[in-house]
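This report refers to the structure that appears directly beneath it.
This chain uses plain numbering: 1 for the first residue, then up along the sequence. Every number for a ligand or one of its atoms is a count from 1 in the order of the listing. Both backbone and side-chain heavy atoms feed into the values below; hydrogens, waters and symmetry mates do not. Predicted model, so just to flag it, every value in this text is computed and none were measured.
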Amino acid sequence: MSHVDTEVRPSNFIRNIIDEDLATGKHSSVQTRFPPEPNGFLHIGHAKSICLNFGIAQDYKGQCNLRFDDTNPEKEDIDYVNSIQADVQWLGFQWDGDIRYSSNYFDQLHQYAVELINKGLAYVCFLNGDETREYRGTLKEPGKNSPYRDTTPEENLALFEKMRLGEFKEGECSLRAKIDMASPFMCMRDPIIYRIRFAHHHQTADKWCIYPMYDFTHCISDAIENITHSLCTLEFQDNRRLYDWVLDHLDDFQAPNRTRQYEFSRLNLEYTLMSKRKLNDLVVRNLVTGWDDARMPTIAGYRRRGYTAASIREFCKRIGVTKQDNMVEVAMLDACIREELNDFAPRAMAVINPVKVVIENYPEGQVEIINAANHPSKEEMGKRELSFARELFIDADDFREEANKKYKRLVQGKEVRLRNAYVIKAERCEKDAEGNITTIFCTYDDETLGKNPSDGRKVKGVIHWVEASTAKPAELRMYERLFNDPNPAAAESVDEVLNPHSLTIKHGLVEASLVNAEAEKAYQFEREGYFCADSKDSSKDNLVFNLTVPLRDTFE
Ligand code: ATP
Ligand code: MG
């Protein structure tokens, strides 16, 4: 992007830590990872984490792994695995080596669990869910030890093996780390590290009926991959104790420079839901057309809507990385995409509410080809051909029978300039039985082609148009925010905060050149906004355009 100085690296507390670790020789290179759970599409919050992890690897000439954190087989799906890879690459990043899966390490994780049992640091517990909760205590009250806590390692090994062999039911027992039931950190009160799930796994099929928990899996996976800086969001701050405890007690991970976890604040964006679980609800309830609905805050949704990867990366750069929780304004994201599209989007003309114009002094049957610049200041973007003839369409909002001086469009008896073409004057109009204007009769001045509004003529405004015989009908999907509430996550239910006007469909007319519009590539429809052809629903015979972003912020 022209306005972005790519030479200036971001500076933040994590990069400061890395600088220091490299300066002191604690690490000689940097290894990060992006660890999504494949239980949904990636959203704009993930983009923050992707830009951070991959960006650090790039700038420090280190490596960044893509690791699927796939320990919940019931909620995960191979479609999500695929969409996540596509989205990371579309954002402009490439992971090092093969894709990793936590499930690649299930054998090792099982071995490490056995090691903890052998050391008397893990036990099989038969308390049921309610009992476990009761024994855990509260933030004010310490917990109580489970009656199964002092079983011998030999017994626990045998029980854990029975768990693995499927001899217990789901929920009948679990493997717990033996830490401290009085710890002020709830996550340290003998957390469950393995549970029983008779579920088919997208990577390991039916090999396992016991699955390791996130806290046990994540730190070990990081350590196996020699991650140096394990970056996650603030809600894992307490869990760092458990992250370190697990590694502290396994013989393989005693190197002084082993992985460390650092937390940063997650992205919260106004008017936007940022939880895969809640986004999944919108999809399942058909409140949107899918994870890649253009109103969704998913990477796939923004892409389909015409946002560029560069604009999302720029947004992530501008929000920065801190430990401060905050709420980012949507205007910030909009500004990033507008700045980019203003520079790079080709211009085109489309009429959203068409009304016919007949130029009575223009020869019948004549069609003239006008070469129009694709960008007002970028000659290198070339020109395209526009047809001009006696019958045109303009937007109904651009004509008034009478208007005051502030209205700089077409008024009966007055002149206006047609963008890229002639000055016309409205002479009279025709209406239907309900009083709606159906045709505006005009005259044109054949001396005015291609001259700009400073050619000496006092023409107040410039309006856009399309030529009637060549213009193509198009469905225009006009989007507004999906939610009315700046903090939809706080609502009792999404139904309360859903914007009923998030999608309005208009049937307009677009200039003929747009038949060749590439999907997902935004154009500036002059005076209307940025639009891109829809990647799923648009075809040459049935054009469908998505509103990427209006020209100006109409909400504030
Ligand atoms: P969700 O609540 O949407 O399911 P998650 O944290 O459970 O999010 P993961 O797939 O586990 O989703 O996330 C992968 C990585 O992305 C994690 O390191 C996580 O911290 C990070 N991440 C998720 N949401 C955000 C966010 N809003 N801002 C920054 N990073 C995020
Ligand atoms: Mg998660």
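Residue M274 approaches ligand 1 through these ligand atoms, each under 4.0 Å from one of its heavy atoms: 3 (O), 27 (N). Atoms of ligand 1 lying under 4.0 Å from at least one heavy atom of P35, given by number and element, are 14 (C), 18 (O). Ligand-side atoms of ligand 1 in range of H43: 3 (O), 24 (N), range being under 4.0 angstrom from any heavy atom. Close approach to P36 involves these atoms of ligand 1, each under 4.0 Å from a residue heavy atom: 10 (O), 14 (C).
With respect to K178 and D190, no salt bridge is recorded, no charged nitrogen being found less than 4.0 Å from a carboxylate O. Salt bridge absent: K278 and D281 never bring a charged side-chain N and a carboxylate O closer than 4.0 Å. In this structure, K536 pairs ionically with D292, as a charged nitrogen and a carboxylate oxygen lie closer than 4.0 Å. The pair R477-D537 meets the salt-bridge criterion, since a charged nitrogen lies less than 4.0 angstrom from a carboxylate oxygen.
Here the side chain of D70 pairs a donor or acceptor atom with the backbone of S103 at under 3.5 angstrom.
Under the 6.0 Å distance and 45° angle rule, K521 counts as a cation-pi partner of Y523.
Residue F236 places no heavy atom under 4.0 Å from ligand 1. In this structure, E235 falls outside the shell of residues with a heavy atom less than 4.0 angstrom from ligand 1.
At under 3.5 Å, not a single nitrogen or oxygen of R277, backbone or side chain, sits near a nitrogen or oxygen of ligand 1. The shortest N or O to N or O distance between N39 and ligand 1 is not under 3.5 Å.
With sequence neighbours excluded, the residues forming a ring-ring contact (aromatic ring centres under 6.0 Å, His included) with F126 are Y148, F168, listed by chain and number.
Nearest-residue assignment for atom 23 (C) of ligand 1 (options H218, H46, R33; heavy-atom criterion): H46.
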